[in-house]
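Here is the structure we will look at.
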Protein chains: 2
Amino acid sequence: MDRIRIKDIALLAGVSTGTVDRVLHNRGNVSEKAKIKVLKALETMDYSPNILASSLAYNKNWRIAVLMPNEIKDPFWNQPKEGILRAFKALKDYGVSIDFYHFHENDIEDFTANSKNILDNNYNAVIIAPIFLNQSLNFLNKCEEKNIPYVEFNTCLDLDAPNLLCYVGQDSYHSGTLGAKLLAFGLSPGEQVMICHLEELVYNSQHLIDKENGFKEYFSNHPSLEIEVFTGHYANPYDHEGLANFFEETLKKAPNIKGIFITTSRVFHAINALKKINRGNLKMVGFDLIEENLKYLESENIDFLINQNPHKQGYLALLNVFNFLARKMTPAKLQFLPLDVVMKENVDYYTDELFDEIPIIL
Amino acid sequence: MDRIRIKDIALLAGVSTGTVDRVLHNRGNVSEKAKIKVLKALETMDYSPNILASSLAYNKNWRIAVLMPNEIKDPFWNQPKEGILRAFKALKDYGVSIDFYHFHENDIEDFTANSKNILDNNYNAVIIAPIFLNQSLNFLNKCEEKNIPYVEFNTCLDLDAPNLLCYVGQDSYHSGTLGAKLLAFGLSPGEQVMICHLEELVYNSQHLIDKENGFKEYFSNHPSLEIEVFTGHYANPYDHEGLANFFEETLKKAPNIKGIFITTSRVFHAINALKKINRGNLKMVGFDLIEENLKYLESENIDFLINQNPHKQGYLALLNVFNFLARKMTPAKLQFLPLDVVMKENVDYYTDELFDEIPIIL
DNA sequence: TAAAAAGCTGTGTGCGAACACAATAAATTC
DNA sequence: GAATTTATTGTGTTCGCACACAGCTTTTTA
């Protein structure tokens, strides 16, 4: 069964390919009579355009700017970047080109300068990790003025902004309930559990607040478990001594704590500290498949890691932009990434990048 | 930064596009001098071919046959089929065409007739679920004779067959250890656990044997857990009365069983039976995101479902065939699919097909 | 009725790569 | 050195679609 081409439709309808093309694209300049003939032919032959030939002929160049932190302060940013690059690899032949504008994660000036450069260069769309609230809003307002569509990832500002195509990011609240469920499954009535932040400025960070809410609400929705929840907070996990003391104190006050939920990738610091005070046997749940954590997953000091698919964030961000620009598809506004439950027994499936070799855009 | 074309290389090298083409494809008929000029130009400009234009110009038709059961006996087969169709949707413009040859799952004649048809029609490649051992081997031998490459999915016969591109399927052994680890996390020393098959002909089915081995070896490798493992087996879960009696008897003999691992998607039958005897509170792990199981995941009667990504099986099978034929890529021989741990709290990410709308082949 | 305008239709070219074939240059033979 | 063969190189066509433009028909206006 060979594929139907515009030429075939034209032949069947008894018109030229130009006329079929005009009908397909609603370009007008077609008589009612011809239009009907073409539509009839289209019905009988179920034509769908060859996307390769179509993209080739369009010969458009979609210029996209990516505004995100560099990886100097936090190597996390490499992952969404890789995702963007993977999508780019698939899309470059479709006319996509991207420019990265990296700013330093604690340099507002740097952010502003980069955002100005983007505005000066007339991009077709922007992908942004809007980590500075006010400066980002300011920049995105300018995008609205210039009618540049954009996708936000990692952090979301105003979901109702007209030119915001979508937000691609993690579902912090549910990652909290997920962590809670996992620990609840492993604990017995009468035992205690702790949610613990190892970050500075916890309550400026919506992510962490959402996780904490999710975690706590799970337990308050399941009173029959009879598990008491404690909240812990230690700002600087690089202070090994201090962290160990912190845990020692806490466990003295609540000796029945049998499981700990660390709200970020810094769970390995907690293990280090707990080992130091001979409490390496607690049930532990944390985030992200970074090297240090994988080591402790292997040694069974960490029971579960929740994988937030940071790689996919970037991948989807670019894909959504492309689909909007080239395919005129409006994406779902809110796109949460899968929360994978990763254990020693299935970690290989999430670290191997089996699919990197697959050169396809459907 | 515009993309580099053959024309650009030719211009830089001071030769014609034909010569560049000959160098790129090792077609010969190029003087040493010209070849060097082209290679130098290629180095400085980092050219990569436009895959759209390339595929369009190749104008090849890759004819692929799929030999698999129909979904009449087991709706499971719909899932890999959907995966194949999804990949097809992405690949059709690259010149791929597929024909499905469905046979009835317990009709060997039907299988043989279909396989004969395939051989008569000279396909470029075959995708097969080789569920009848001898007949499949017979068919695949003919493929070897005719030098037709093929991919096996779901079941694997001889991994060393020369024309077998790869096997795409589930990792049964590790799904067993995964189930074991999950239950082990939820149980306390001194408690008991059961692995239970709700199928006929268990020990003819390598999948089930592997799962059982994985499950048991987990516990024998972790003696410090002090958990005793029982094995159960009830052939016909549609006999509700009988199944309930079976569980009642078993739990009478081993009253400390606190968790059950059902080795297939039939875990919902176990819940039904256990509820009948007022033991719906056991910790339960099973397989597959089918409707009945999702209901019990929601109601928290099932704690974990292991998702074997049957959809991806089909997707990858076709993709690997295409990459081999069109891109001359040799795939990894053994491709196990991710084993996702699915819970009430993250089930949405695995059932929503967010990605169906994404028209991409990287 | 002729001229101008508007409506409609078909043909031709380009997108970038693949490949056939013609054209040229170099090497071989007599 | 001319004729022939062989090696090398350039040009032209094709893939299916998008779009520009020319040509034709019909309608409107003077």
Side-chain angles (χ1 to χ4, degrees), chain A residues 1-39 41-42 45-62 91-97 325-328 359, chain B residues 2-39 41-42 45-62 91-97 325-328:
Chain A
M1 185 193 67
D2 279 346
R3 290 209 61 196
I4 311 291
R5 303 156 299 174
I6 283 187
K7 206 196 268 189
D8 302 314
I9 299 295
L11 201 71
L12 180 65
V15 297
S16 72
T17 59
T19 301
V20 177
D21 175 73
R22 277 182 285 266
V23 173
L24 285 171
H25 294 85
N26 281 312
R27 285 194 227 285
N29 290 326
V30 180
S31 67
E32 201 58 27
K33 215 164 33 168
K35 191 169 176 179
I36 288 171
K37 284 197 288 184
V38 170
L39 290 176
L42 284 170
M45 295 190 86
D46 121 284
Y47 163 83
S48 76
N50 183 318
I51 201 167
L52 304 189
S54 173
S55 303
L56 192 61
Y58 261 124
N59 200 26
K60 277 242 171 97
N61 189 8
W62 310 108
L91 291 172
K92 57 184 181 180
D93 290 330
Y94 290 82
V96 169
S97 67
L325 292 176
R327 300 239 205 302
K328 296 167 176 52
Chain B
D2 279 346
R3 289 211 64 197
I4 310 291
R5 301 155 301 173
I6 283 188
K7 207 195 269 187
D8 302 315
I9 299 294
L11 201 71
L12 180 65
V15 296
S16 72
T17 59
T19 302
V20 176
D21 176 74
R22 278 182 285 267
V23 173
L24 285 171
H25 294 86
N26 281 312
R27 287 193 226 284
N29 291 324
V30 180
S31 68
E32 202 57 30
K33 216 166 26 169
K35 192 169 176 179
I36 288 171
K37 284 196 288 184
V38 171
L39 290 175
L42 283 170
M45 295 191 85
D46 120 285
Y47 164 83
S48 76
N50 183 318
I51 202 167
L52 304 188
S54 174
S55 303
L56 191 62
Y58 262 123
N59 201 25
K60 277 240 171 98
N61 189 8
W62 310 109
L91 290 172
K92 56 184 182 181
D93 290 330
Y94 291 83
V96 169
S97 68
L325 292 176
R327 301 240 204 302
K328 296 166 175 54

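Throughout, protein chains are lettered first and strands after them, A, B, ... in sequence-line order, and every chain is numbered starting at 1. Values below: all heavy atoms of this structure, side chains included; hydrogens, waters and symmetry mates excluded. Small disclaimer: the values here were computed from a predicted structure and weren't measured.
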Sort me out a list of protein N/O and nucleotides 12-16 of chain D N/O pairs below 3.5 Å, or just none if empty.
residue, atom, partner, partner atom, Å
D:dG16, OP2, A:Arg5, NH1, 3.1
D:dG16, N2, A:Ala53, O, 3.2

Rounded (10°) bend between the five-pair end axes of the helix from C:dT1-D:dA30 to C:dC30-D:dG1: 60°
Got a sec, which pairs hit salt bridge (Lys or Arg N to Asp or Glu O under 4.0 Å) with one end in residues 11-26 of chain A, sequence neighbours left out? A:Asp21-A:Arg27
Between CG of A:Leu42 and CD1 of A:Ile6, what distance do you get to the nearest 0.5 Å? 9.0 Å
Sorted by first residue and then second, give each side-chain hydrogen bond (donor to acceptor under 3.5 Å, both in side chains) pair with at least one member in residues 45-59 of chain B; sequence neighbours left out. A:Lys92-B:Ser48, B:Arg3-B:Ser48
Return the residues of residues 19-36 of chain A meeting this criterion: a heavy atom under 4.0 Å from some atom of DNA chain D. Order them by number, or give none. A:Asp21, A:His25, A:Arg27
Just verifying a value: how many Å separate B:Ile4 CD1 and B:Leu11 CG, rounded to the nearest 0.5 Å? 11.0 Å
For A:Asp8, enumerate each residue passing the side chain to side chain donor-acceptor pair (under 3.5 Å) test, keeping only those at least two apart in sequence or located in another chain. A:Arg5
For A:Ala13, what residues pass the side-chain contact (heavy atoms from CB on, under 4.5 Å) criterion, not counting sequence neighbours? A:Val15, A:Lys37, A:Val38, A:Ala41
Using a 4.0 Å cut-off to any heavy atom of chain A, which nucleotides of DNA chain C are the first and last in contact, reading 5' to 3'? C:dC8 to C:dG16
Which heavy atom in B:Val96 sits nearest to a heavy atom in B:Asn61, and how many Å separate them? C-OD1, 4.3 Å
Over all heavy atoms of both residues, which pair between A:Met45 and A:Leu12 is shortest? Give the atoms and the distance, please. SD-CD2, 3.5 Å
dist A:Asn29:CG -> A:Thr19:OG1 (nearest 0.5 Å) comes out at 10.0 Å
Any side-chain heavy atom of B:Leu56 within less than 4.5 Å of one from B:Tyr94? no
